[in-house]
Structure formats: C-alpha cells, structure tokens
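Data first, discussion second: the structure below is written as structure tokens.
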Amino acid sequence: MTELAARRFDGRTAIITGAGSGIGRAAARILAAEGATVVASDIAADRLQELAVELGAFDVRTVAGDVTREQTVRELIDAAAGRVDILANIAGIMDGVLPADEVDDATWQRVFDINVTAVLRTTRAVVPLMRERGAGAIVNIASEASFRGSVGGAAYTASKHAVAGLTKSTAFMYGPQGIRTNAVAPGAVVTGLDVSWRSEYGAARTGPVLQATMSAPTSAEQIAGTVAWLASDEAANINGVILASDGGWSAV
Ligand SMILES: NC(=O)c1ccc[n+]([C@@H]2O[C@H](COP(=O)([O-])OP(=O)(O)OC[C@H]3O[C@@H](n4cnc5c(N)ncnc54)[C@H](O)[C@@H]3O)[C@@H](O)[C@H]2O)c1
C-alpha cells in the first residue's frame with residue numbers, strides 16, 4: 001500500500017451515524033485511523049463514550065442523541081465546525097420481520113423515522129456545505145432488503161427500498177456539484193442489530209428462504225471497508241450505486 005493510500009482521509013471531516021456499534025463503529029475506526037476528523041453519533045451515549053476512549057489518539061468528536069431529532073442533526077453540523085467531506089448514514093433498526101397485516105403503526109413509524117427520514121435530514125443538512133466546496137461523499141446503508149421481499153418485514157423492506165431511492169435521487173441531483181452519493185447493501189453481518197422474529201408467520205415465510213439463499217454472515221469491518229472505499233477518492237467515478245456486499249446473495 002502506498003503512503004497516500006494508507007491515509008485516504010487526511011484533512012477530511014466525516015459524520016458517521018450509528019457509530020456506537022457494528023458497522024458504524026467499524027467505519028469510525030477506519031476513517032479516524034486514516035486521518036479523518038470523525039463526528040461520531042449514536043443514541044447509545046455509553047457505547048459512544050467507549051468509542052471515544054478507544055479512539056482517543058485520533059480527532060473524534062461525539063454527539064449522543066437520537067438521529068431522528070433535528071436537534072441532533074444540528075449538533076452534528078456544529079461539531080463538524082463548518083466542513084463536512086463525508087456523511088455516512090449507518091444508524092438503522094430492524095422491524096421484527098412483521099408482515100403487513102401484523103405491523104403496528106409505532107414500529108412502522110420508528111423504522112421509517114430512523115432508516116429513512118433521518119437519512120434525508122442529515123443529507124439535507126450537509127448538502128449546502130458540500131455544494132459550497134464543490135465536493136463531498138455520502139454513503140448510506142441499504143440492505144439485501146433493498147432488493148428482495150424475503151429478508152425483513154414490511155417496514156424494514158420498504159424503508160431499505162426507500163434508502164435506495166433516496167440514494168439515487170441525491171446522486172442524480174448533486175452529482176454535477178461534485179457530491180457523490182452511494183449505498184452499501186450488506187447481506188448478513190455480525191453486529192448488535194436485533195434480527196429476531198416477532199411474527200410466527202414472518203418467521204415461517206422468511207426462515208426457509210434465508211436458509212436456502214443467504215451467504216455466510218460477514219464482519220462489520222468488511223462492510224465498513226466498503227463504506228470507506230465509497231467515501232474515498234478511489235471511488236471518484238462512482239455515483240448512485242447500490243453496492244451489494246453480501247457474499248453473492250443477490251446473485252442467487
Ligand atoms: N447487521 C446486518 O445483518 C445488516 C444487514 C443489512 C443492513 N444492515 C444495516 O446496517 C446498519 C447498521 O446496523 P448494524 O448491523 O451495525 O447494527 P447495530 O445495532 O450494531 O448498530 C446500529 C447503531 O445505530 C444506533 N441507532 C439506532 N437507532 C438510532 C437513533 N434513532 N439515533 C441514533 N443512533 C441510532 C444504535 O444505537 C446502534 O449503535 C443499519 O442501517 C442496518 O439496517 C445491517
């Protein structure tokens with residue numbers, strides 16, 4: 001690896017949501033180690049604090065809060081102090097694999113608030129700063145559920161399809177302004193995500209299909225590596241892509 005490639009994010013500022021666990025945490029480690037000032041955010045203040053201690057040698061600023069709240073988004077922008085080169089929208093939740101006739105309004109709303117609306121809000125907040133500089137990279141986390149109906153419940157599946165749409169719209173709108181927007185669509189990843197079934201019917205429908213088609217679960221580091229690559233100049237010509245990182249699951 002060249003010296004240049006080893007420090008892909010020198011001088012850059014990255015906002016990472018969901019940095020307290022799993023993929024977000026792994027992404028914070030990579031970006032900080034490769035030179036970025038990292039604004040790390042999560043609703044879990046204790047896990048965020050652990051991350052800050054672990055990455056104490058680097059420039060890591062923490063914002064504890066619910067990313068669905070405008071106040072949290074404002075705090076993220078404040079912590080970035082006027083410069084955002086990278087936005088990684090990683091915070092997300094599952095839905096208990098509830099099918100349409102079992103999903104309650106609260107689950108539907110919460111899944112959409114976190115998985116979709118928060119992604120729009122952070123994007124809305126950083127785009128003006130990126131446009132001013134004529135550069136920026138936004139990386140969203142989609143899912144295998146962005147491609148198929150057999151991975152999550154109604155809310156999760158619809159929300160991750162929406163993430164794919166928002167990614168493409170943002171890519172199309174701001175590509176000419178130097179802002180690249182892409183998404184990583186992971187298959188199964190070993191993280192803290194609650195993937196338990198809350199519906200017998202949902203389990204009976206999805207379980208056998210998952211067992212027959214799903215690739216072996218990968219690590220958060222593997223997905224975070226793809227997030228970092230999409231955020232880096234190595235992916236300068238990539239815009240509007242929903243990039244599967246699923247061990248081939250989506251090829252089944
Ligand atoms: N783990 C998988 O198999 C898998 C597969 C496909 C997609 N994904 C997606 O990857 C992303 C990251 O999930 P993960 O697997 O690392 O799970 P995780 O639970 O380990 O990490 C998600 C983090 O997001 C945080 N978060 C949740 N709600 C929040 C809110 N309202 N405000 C701020 N932070 C909040 C959580 O506290 C947690 O630290 C999610 O968008 C998820 O949908 C995961």
Side-chain angles (χ1 to χ4, degrees), residues 15-30 39-52 62-76 79 87-97 106-107 109-122 138-148 150-153 155-164 166-167 183-197 206 210 214-227 230 242-247 249-250:
I15 292 176
I16 303 177
T17 74
S21 175
I23 298 165
R25 189 172 187 140
R29 286 188 182 121
I30 295 174
V39 178
S41 178
D42 204 285
I43 199 167
D46 52 342
R47 290 203 298 265
L48 207 51
Q49 187 49 36
E50 278 171 28
L51 180 75
T62 56
V63 173
D66 186 335
V67 74
T68 68
R69 296 181 55 228
E70 268 297 337
Q71 172 67 21
T72 307
V73 176
R74 273 197 297 275
E75 287 174 18
L76 289 175
L87 167 65
N89 282 307
I90 301 181
I93 58 168
M94 262 290 265
D95 66 349
V97 197
T107 299
Q109 196 59 52
R110 190 71 184 144
V111 167
F112 265 78
D113 283 351
I114 298 172
N115 292 5
V116 186
T117 310
V119 175
L120 181 269
R121 289 213 169 126
T122 53
I138 299 173
V139 184
N140 298 325
I141 299 291
S143 167
E144 197 69 25
S146 299
F147 308 132
R148 337 166 153 262
S150 55
V151 177
Y156 189 75
T157 304
S159 77
K160 290 299 186 180
H161 274 67
V163 168
L166 181 54
T167 300
V184 182
V189 193
V190 182
T191 67
L193 195 71
D194 176 6
V195 293
S196 58
W197 283 293
T206 59
L210 292 174
M214 199 176 89
S215 303
T218 191
S219 66
E221 287 71 26
Q222 186 66 243
I223 304 300
T226 308
V227 171
L230 282 173
I242 316 300
L243 181 59
S245 175
D246 61 2
W249 186 1
S250 50

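For ligands, and for the atoms within them, numbers begin at 1 and follow the listed sequence.
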Can you list the ligand 1 atoms lying under 4.0 Å from a non-hydrogen atom of [X]?
X	answer
Gly65	32 (N), 33 (C)
Ile90	11 (C), 12 (C), 40 (C), 41 (O)
Ile114	28 (N), 31 (N)
Arg47	36 (C), 37 (O), 38 (C), 39 (O)
Gly187	3 (O), 4 (C), 5 (C), 6 (C)
Ala188	3 (O)
Ser143	6 (C), 7 (C)
Asp66	30 (C), 31 (N), 32 (N)

Does Arg25 come within less than 4.0 angstrom of ligand 1, counting non-hydrogen atoms of the residue?
->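 Under 4.0 Å: no for Arg25.
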Would you say Ala185 touches ligand 1, if touching means a heavy atom closer than 4.0 Å?
->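 The answer is no: ligand 1 sits nowhere under 4.0 Å from a heavy atom of Ala185.
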Locate the shortest heavy-atom distance separating [X] from [Y]; write the atom from each residue and the value.
X	Y	result
Phe112	Ala162	CE2-CB, 4.4 Å
Leu48	Asp42	CD2-N, 3.6 Å
Ile223	Pro186	CD1-CB, 3.7 Å
Ser215	Gly247	OG-O, 3.1 Å

Check whether any side-chain N or O of [X] sits under 3.5 Å from a backbone N or O of [Y] as a donor-acceptor pair, and report yes or no.
X	Y	value
Ser41	Ile16	no
Arg121	Thr68	yes
Thr191	Gly22	no
Glu144	Ser250	yes
Lys160	Phe147	no
Arg25	Gly20	yes

Nearest heavy atom to atom 44 (C) of ligand 1 wins, so pick from Val163, Thr72, Leu193.
->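 Shortest heavy-atom distance from atom 44 (C) of ligand 1: Leu193.
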Identity and separation of the nearest protein heavy atom to [atom]:
atom	answer
atom 27 (C) of ligand 1	Ile93 CG2, 4.0 Å
atom 3 (O) of ligand 1	Val189 N, 2.9 Å
atom 6 (C) of ligand 1	Pro186 O, 3.4 Å
atom 22 (C) of ligand 1	Gly92 O, 4.1 Å
atom 37 (O) of ligand 1	Asp42 OD1, 2.6 Å
atom 29 (C) of ligand 1	Ile43 CG2, 3.9 Å

Taking both backbone and side-chain atoms of [X], is any N or O found less than 3.5 Å from an N or O belonging to ligand 1?
X	answer
Ser21	yes
Ile141	no
Tyr156	yes
Gly24	no
Val67	yes
Thr191	yes
Ile23	yes

Looking only at heavy atoms, is any part of [X] under 4.0 Å from ligand 1, and if so is it the side chain, the backbone, or both, or is it neither?
X	answer
Arg110	side chain
Ala142	backbone
Lys160	side chain

Could you state the interatomic distance from CD (Glu221) to OG1 (Thr226), rounded to the nearest 0.5 Å?
->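 The OG1 atom of Thr226 is 11.5 Å from CD of Glu221, to the nearest 0.5 Å.
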side-chain contact (heavy atoms from CB on, under 4.5 Å) involving Thr107 - partner list, sequence neighbours excluded |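 If we apply the side-chain contact (heavy atoms from CB on, under 4.5 Å) test to Thr107, skipping adjacent residues, the hits are Asp95, Leu98, Val103, Asp104, Val111, Arg198.
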Do [X] and [Y] make a side-chain contact, defined as non-hydrogen atoms from C-beta onward lying under 4.5 Å apart?
X	Y	answer
Ile138	Asn89	yes
Thr122	Leu76	yes
Asp194	Ile93	no

Short side-chain donor-acceptor distance under 3.5 Å, Asn115 and Ser159 |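 Distance-only check passes for Ser159 and Asn115.
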